[in-house]
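Worksheet: one structure, shown below.
Positions are given from 1 along the sequence. Everything numeric here is computed off the predicted structure, so don't read it as measured data.
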Amino acid sequence: MFSRQCSRLVSSRTAIPLTSFLARGRPFSATATSAYEHILTSTPKPGVGLITLNRPKALNALSSPLFEELNDALTTYDTDKDIGAIVITGSEKAFAAGADIKEMAPLTFSSAYSNNFIAPWSHLANAIRKPVIAAVSGYALGGGCELALMCDIIYCTSTATFGQPEIKLGVIPGAGGSQRLTKAVGKSKAMELILTGKNFSGKEAGEWGVAARVVEGGKDEVVNAAVETAETIAGYSRVAVVAGKEVVNKGYEVGLREGVEFERRLFHGLFGSRDQKIGMTAFAEKKKPEWSNE
């Protein structure tokens with residue numbers, strides 16, 4: 001959750017939500033950037049929403065204002081019928097180097113607990129139904145590692161640097177890092193990483209199953225790969241894609257028997273969708289399906 005990289009906010013201007021940006025009828029295309037302060041948004045391919053963390057002076061250190069904007073953009077894409085998958089990335093140097101220490105250092109137990117500090121950081125994992133891919137280059141430490149782990153798929157460069165170094169600051173991960181990392185690499189390896197604060201490379205992330213793909217090159221190459229996959233996902237039935245994400249997440253959280261039973265119920269339920277009929281009819285007729293997303 002934490003990093004030694006911290007900075008004041010990039011700007012003191014009030015952020016304008018993406019919903020307002022769109023409502024004003026301004027162009028929003030592959031090259032357009034949003035009116036947010038701490039993130040950029042674009043649609044690089046049909047059906048793909050791209051969110052770029054944008055606090056370069058702080059190596060994209062995560063803060064409450066940044067997460068407020070990130071959650072707004074995620075929700076906007078999640079409810080946009082034209083978007084089928086989402087990609088989150090950072091800069092060449094840092095996906096996100098950690099959380100903003102200046103924001104956290106003055107907190108007391110009472111203030112952190114009573115205000116439920118960093119609970120909104122879990123909006124991505126708890127509320128977003130469409131698939132989210134993290135495209136990681138550079139540092140993904142502390143909260144940056146946790147943010148990547150919240151995503152459904154991680155692509156990274158071989159030279160990316162992951163880690164949960166909170167122990168070095170006298171604390172522990174607080175946004176799910178200990179739980180999700182343990183699920184990804186097993187108890188013994190997670191214990192070693194969390195209790196020593198040691199980092200691990202993008203190459204190791206691929207070998208250990210933390211990342212789905214290790215991409216040779218830099219930020220542009222890993223983002224292009226993530227966008228390509230997001231475009232593929234966005235080209236399928238949105239109903240089936242959401243169901244697919246839901247059953248994998250359920251299996252991640254429960255035992256095998258309960259997971260299989262849940263999967264079967266959703267599988268049966270999809271026979272009530274229009275897209276099931278469209279997909280199977282198109283297959284039988286050797287045609288490309290034209291999804292209704294219903």
Side-chain angles (χ1 to χ4, degrees), residues 1-5 51-53 58-62 85-99 101 121-122 124-125 131-230 233 245 248-249 251-253:
M1 181 179 59
F2 308 111
S3 164
R4 295 185 184 279
Q5 302 298 334
I51 301 172
T52 303
L53 307 182
L59 292 181
N60 292 331
L62 303 173
I86 304 165
V87 175
I88 299 177
T89 192
S91 67
E92 185 75 41
K93 290 184 178 180
F95 176 74
I101 302 299
W121 292 26
S122 294
L124 165 57
V132 181
I133 304 174
V136 179
S137 174
Y139 294 109
L141 301 176
C145 186
E146 289 174 303
L147 176 60
L149 289 169
M150 288 182 210
C151 295
D152 302 301
I153 301 170
I154 299 176
Y155 284 4
C156 67
T157 63
S158 60
T159 56
T161 302
F162 295 86
Q164 299 289 165
E166 290 85 351
I167 199 74
K168 297 178 181 180
L169 300 179
V171 290
I172 61 172
S178 64
Q179 307 306 297
R180 294 188 176 93
L181 192 58
T182 300
K183 291 280 189 179
V185 303
K187 177 184 174 182
S188 183
K189 178 59 70 175
M191 195 74 78
E192 178 190 40
L193 293 169
I194 288 167
L195 296 185
T196 65
K198 291 172 61 177
N199 296 338
F200 58 97
S201 68
K203 182 175 182 292
E204 289 171 317
E207 293 171 348
W208 297 346
V210 175
R213 188 188 300 181
V214 179
V215 179
E216 293 304 321
K219 183 210 167 182
D220 289 346
E221 286 74 19
V222 74
V223 170
N224 288 341
V227 167
E228 181 180 354
T229 296
I233 293 170
K245 171 173 173 171
V248 172
N249 281 335
Y252 185 78
E253 297 169 355

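Counting non-hydrogen atoms of neighbouring residues, nucleotides and ligands closer than 6.0 angstrom, the CD atom of Gln179 reaches no more than 12 such neighbours.
Residues Thr89 and Ile133 have side chains not in contact (no heavy-atom distance under 4.5 Å, counting atoms from C-beta outward). Using a 4.5 Å cut-off on side-chain heavy atoms (C-beta onward), Phe162 and Cys156 make contact. Side-chain contact check for Asn60 versus Ser91: some heavy-atom pair is nearer than 4.5 Å. At a threshold of 4.5 Å between non-hydrogen side-chain atoms, the residues Leu147 and Phe95 count as touching. Taking the side chain as every heavy atom from C-beta outward, Leu169 and Ile101 approach each other to under 4.5 Å. Inter-residue side-chain proximity for Leu193 and Trp208 is flagged as met; some heavy-atom pair is nearer than 4.5 Å. By the 4.5 Å heavy-atom criterion applied to side chains, Asn224 and Tyr155 are not counted as neighbours. Contact check for Lys219 versus Thr52: side-chain heavy atoms found under the 4.5 Å cut-off.
Between Gln164 and the choices Leu149, Leu195, Asn199, the side-chain contact (heavy atoms from CB on, under 4.5 Å) rule is met once, by Leu149.
At least one test fails for Lys93 against the ring of Tyr139: distance under 6.0 Å to the centre or angle within 45° of the axis.
Atom OG1 of Thr157 sits about 8.5 Å away from atom CD of Glu216, to the nearest 0.5 Å. In this structure, OG in Ser137 is found 9.0 Å from CG in Asp220, a value given to the nearest 0.5 Å.
A donor-acceptor distance shorter than 3.5 angstrom exists from the side chain of Lys183 to the backbone of Tyr252, with no hydrogens or angles considered.
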